[in-house]
Amino acid sequence: MGNLKNGFASYFAKNKVAVIFLIVCILVIFLSSFIASAIQSNGWSIEVTDLRDAENEGTAISLTGEETEINGKVVSGILFKPKDATADNPLPAVVLTHGYLNNREMQLQNAIELARRGFVVLTVDREGHGNYENSGETSAVMATSGLYDSVKYLYNMDYVDKDKIGISGHSMGGMTTALTLSQDRQLGLVSAGLIQAWSSFMGAGADVDVGMLKAQDDEFFFTTNEGEDGTISREYLSTRAAKTFIGNTELEGDVVSGAIYVNGQAVETTGGQETEGAFRVVYEISGVHPQNHCSVEGANAVVNFFYNAFGTPNGYEYISEGNQVWWVKEAFSLIGMIGFFALIFPLVSLLLTTPVFRSLRVAKQQVVEETVVVTDETGAEQTMVCQKLVWDGANIPLQPKPLKGVQKNISYWLAAIGIMLFSGFSIHSICTEYGSKWFPNTQLYPQDTTNWVAMWAVCSALFSLAVILFFWLANTVVNKIRYGDNYLEYQENPFAAGKIATGLGGLLKTFVLALLVLGILMAVLYTNWAIWTVDFRIWTLAVKVFDMGVLLPTIVRYGVFFGIFFIVSALFNETYRASNIPEWASTLINVFFNFFGVLLVIAIQYGEFTSTGVMWQPDMNLGYIVLFPMVPILAIATVISRRMTAKTGNMWLGAFINTLLFTLITCSNTASSFAYIMG
């Protein structure tokens, strides 16, 4: 026992920083998730359940007076059930769904705010999204299954007030909401529907409350290319379409945002009280299309709508619409995400101390004493003890040269700027034209946007590789001219970071280490979800749980393409490193050049859109939204790459970890238009 204690003490003393860092990361992850869980469950007064393939049966009397079987089904949903919801006290219920390329978690802001006010809430994946696999009968963009079946599921629950069931969806989920309202005119299960970011209303039952929630500037709906000073999105409240929706085409002036219209006339309302009569309302909030589901104004509108539709649930007090906590939960989920990514660094440090992976560590210099025999002037031999610096391992760290001189600065900065600009300004052509030609959706590669993003990543990698080769060859020629036979002293090999002293075996062992790191991260993610029903996210960037058995083979196939990008990116990160620039500054320079090209074109698109109402590239209304999470991913991947190279002396571990982790994140957060192929 004493030997074990001494061994642990010795190990801790040698790896004190890494052990403490690991403990801090674990504490940050679980403590932030504990707080996030407390917020989304309103102090655990709400039961939050991950529903998978849940079914039930019941009956309803249709609007024609016929008894009809109601078969409810939730393939993938998160249920928020207030504990006060019982058969003796049934509460109003709302089913929420997401837009194209998103998933059920994207409606958490609205779910949290409605549930804490006493509503039963179910936020669900639609077919082809999240954990609801596509049947292959239709594309993901048009797949509407999931919402109405989930309404029926709640209708069959005895703790739900069957006369007060509402629905709401964002973007393509808004289309599904509109379709469901129209379809439900036969059964009459839905009493209220809020259409988020979708402009077409297809009709509803005579007694059904209907609202629209739109951004002032919407990339997809309410828009037109006519005019130079603005779009219909900004002018929608003054259009005939808006007046027709609220039921008064003769209305003088504009439709008032947030005003409740009954029979075409605005009526007075009281906070938390149900409005008498079927009403119509249009909410216009600041921002753009994807901000609807990450917005205080958006949550305010959703709560206001269902308060007006159903009133304050029995047993609850009115909570003003502006009193919101979802953003606090989102903040702690972000803190958990930071802890999740930070966990990689101490984890790798400690795994590299194990006998299995010790040979992958970067070598360090140490002073050793060496006994030598020398002969003096008289011919006598003398023994001397000398000290010298030696490397204690095979993986000797790279020794960059200083950034100085015109030649070095030209090749350093011009290459970096060229690669950065190509990565940003090539997006448009690849997304709108070449991506679908070069990499169309297939059964093996079924995800709608992952294909063109992967193609863009490969093109960026190949361009970067070409630029690096060009400047390497150019510098070789210049150095031969300037220094003659001594040119090798001034030469830098941009591929030196790819060398592993232990050869192919070391490369395979590095890949195994990356797999082990990913496995531990996934264990943390799934354990955290199992305990708290909380993952790691901020807006459209999320590390979420998914069905590995279904999605993992597809992730592996896409990983080949993203692997090309992250391998070349890792080489790029080491090429742009100089001995006279501190490590932190080199890392920041690389972070900047890796993500700024993408950020730049997004900024141009939205700078022009929000200032004029007209997009710089209208055909990229979806493309740049897809790349929102790519900006932080590129920054995070750069830091991981640089730190892993510092730990191993080569770029492979960082490249492998980035490929595995970010391919998984990308593929688990988008839509598929074909059923996944297993294997």
Side-chain angles (χ1 to χ4, degrees), residues 18-52 76-85 96 103-123 130-131 293-294 296 299 316 319 323-347 350 517-546 548 629 632 636 661 664-665 668-669:
V19 171
I20 293 176
F21 191 7
L22 181 76
I23 293 172
V24 169
C25 289
I26 294 294
L27 287 176
V28 167
I29 288 169
F30 286 105
L31 181 59
S32 63
S33 297
F34 167 80
I35 297 173
S37 176
I39 294 170
Q40 79 170 7
S41 65
N42 198 34
W44 292 283
S45 65
I46 300 167
E47 297 176 11
V48 183
T49 307
D50 184 350
L51 287 184
R52 302 290 182 92
S76 173
I78 303 175
L79 177 64
F80 292 74
K81 177 181 175 292
K83 291 185 177 179
D84 291 336
L96 302 170
N103 45 62
R104 60 188 187 173
E105 288 84 2
M106 295 302 288
Q107 285 290 318
L108 283 178
Q109 79 162 25
N110 298 323
I112 290 169
E113 293 305 325
L114 289 170
R116 65 188 282 254
R117 289 169 169 82
F119 294 86
V120 176
V121 184
L122 178 59
T123 175
N131 301 303
H293 46 62
C294 190
V296 170
Y316 287 80
I319 301 175
N323 182 336
Q324 299 179 22
V325 299
W326 67 270
W327 60 270
V328 183
K329 184 267 178 186
E330 191 87 349
F332 279 100
S333 292
L334 172 60
I335 292 171
M337 179 187 289
I338 293 171
F340 177 83
F341 286 125
L343 183 63
I344 294 171
F345 306 113
L347 190 58
L350 294 175
V517 170
L518 181 69
I520 295 172
L521 291 175
M522 290 300 99
V524 170
L525 171 67
Y526 280 79
T527 300
N528 193 65
W529 179 263
I531 297 172
W532 310 117
T533 322
V534 169
D535 54 18
F536 311 120
R537 63 181 50 252
I538 181 70
W539 198 11
T540 57
L541 175 62
V543 188
K544 65 185 292 291
V545 298
F546 60 94
M548 286 194 181
I636 296 166
L661 180 58
L664 181 150
I665 290 173
S668 62
N669 277 285

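All values below come from the heavy atoms of this structure, side chains included, with hydrogens, waters and symmetry mates left out. Everything quoted here is computed from the prediction, not taken from an experiment.
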Self-check item: Side-chain donor or acceptor of E47 paired with backbone N/O of P82 under 3.5 Å
Solution: no

Exercise. State, with a plain yes or no, whether a side-chain heavy atom of K81 is found less than 4.5 Å away from one of V121.
Key: no

Quiz item: Just how far is it from atom CG of N131 to atom CZ of R104, taken to the nearest 0.5 Å?
Solution: 5.0 Å

Practice problem: Supply the atom-to-atom distance F332 CZ to I39 CD1, rounded to the nearest 0.5 angstrom. | Solution: 6.0 Å

Exercise. Mark yes or no for whether N42, through its side chain, and A115, through its backbone, hold a donor-acceptor pair below 3.5 Å.
Key: no

Quiz item: Using the ring of each side chain (for Trp, its six-membered ring), is W44 parallel, tilted or perpendicular to W532, with breaks at 30° and 60°?
Solution: tilted

Exercise. Measure across A18 and L350 and return the closest heavy-atom pair with its distance rounded to 0.1 Å.
Key: CB-CD2, 3.7 Å

Quiz prompt | Inter-residue atom distance C25.SG - I20.CD1, 0.5 Å rounding | solution = 12.0 Å

Self-check item: Closest approach of F341 to V543 (non-hydrogen atoms, all atoms of both residues)
Solution: CZ-CG2, 4.1 Å

Exercise. Using a 4.5 Å cut-off on heavy atoms from C-beta on, say whether the side chain of T540 contacts that of M106.
Key: yes

Quiz item: Do any N or O atoms from the side chain of S37 and from the backbone of S33 form a donor-acceptor pair under 3.5 angstrom?
Solution: no

Practice problem: Verify the distance criterion only: is there a donor paired with an acceptor across the side chains of N323 and R117 at less than 3.5 Å? | Solution: no

Practice problem: Begin with the C-alpha distance, continue with both residues' side-chain angles, and end with the deciding distance and a verdict on side-chain contact (heavy atoms from CB on, under 4.5 Å) for I78 and Q107. | Solution: CA-CA 10 Å; I78 303 175; Q107 285 290 318; over 6 Å; no

Quiz prompt | Spacing of I112 atom CD1 and L114 atom CG [to the nearest 0.5 Å] | solution = 10.5 Å

Exercise. Run the numbers on W326 and L108 for side-chain contact (heavy atoms from CB on, under 4.5 Å), then give the verdict.
Key: CA-CA 8 Å; W326 67 270; L108 283 178; over 6 Å; no

Exercise. Identify the two heavy atoms, one from Y526 and one from M548, that lie closest to each other, and give their separation to 0.1 Å.
Key: CE1-CE, 3.5 Å

Quiz item: Does the side chain of I531 come within less than 4.5 Å of F34's, by heavy atoms?
Solution: no

Quiz prompt | Which atom of I46 lies closest to which atom of Q40, heavy atoms considered | solution = CD1-O, 4.3 Å

Quiz item: After noting the C-alpha distance and the side-chain angles of L343 and L22, does the key distance pass the side-chain contact (heavy atoms from CB on, under 4.5 Å) rule?
Solution: CA-CA 6 Å; L343 183 63; L22 181 76; 3.3 Å; yes

Exercise. State the CD1-CG distance between I665 and L541, to the nearest 0.5 angstrom.
Key: 6.5 Å

Self-check item: T533 vs T49 side-chain heavy atoms within contact, under 4.5 Å
Solution: no

Quiz prompt | Nearest heavy atoms of Q109 and A299, plus distance in Å | solution = NE2-N, 3.4 Å

Self-check item: F536 vs L525 side-chain heavy atoms within contact, under 4.5 Å
Solution: yes

Quiz prompt | Steps toward side-chain contact (heavy atoms from CB on, under 4.5 Å) verdict (L661, I344) | solution = CA-CA 11 Å; L661 180 58; I344 294 171; 3.9 Å; yes

Practice problem: Check for a donor-acceptor pair, side chain of N528 on one end and backbone N or O of V534 on the other, with a separation under 3.5 Å. | Solution: yes

Exercise. Using a 4.5 Å cut-off on heavy atoms from C-beta on, say whether the side chain of I538 contacts that of E330.
Key: yes

Quiz item: What pair of heavy atoms forms the shortest contact from A542 to M337, and how long is it?
Solution: CA-CE, 4.1 Å

Quiz item: How far does CD of E105 sit from OG of S76, to the nearest 0.5 angstrom?
Solution: 7.0 Å

Quiz item: Side chain of Q324, backbone of V296: donor and acceptor closer than 3.5 Å?
Solution: yes

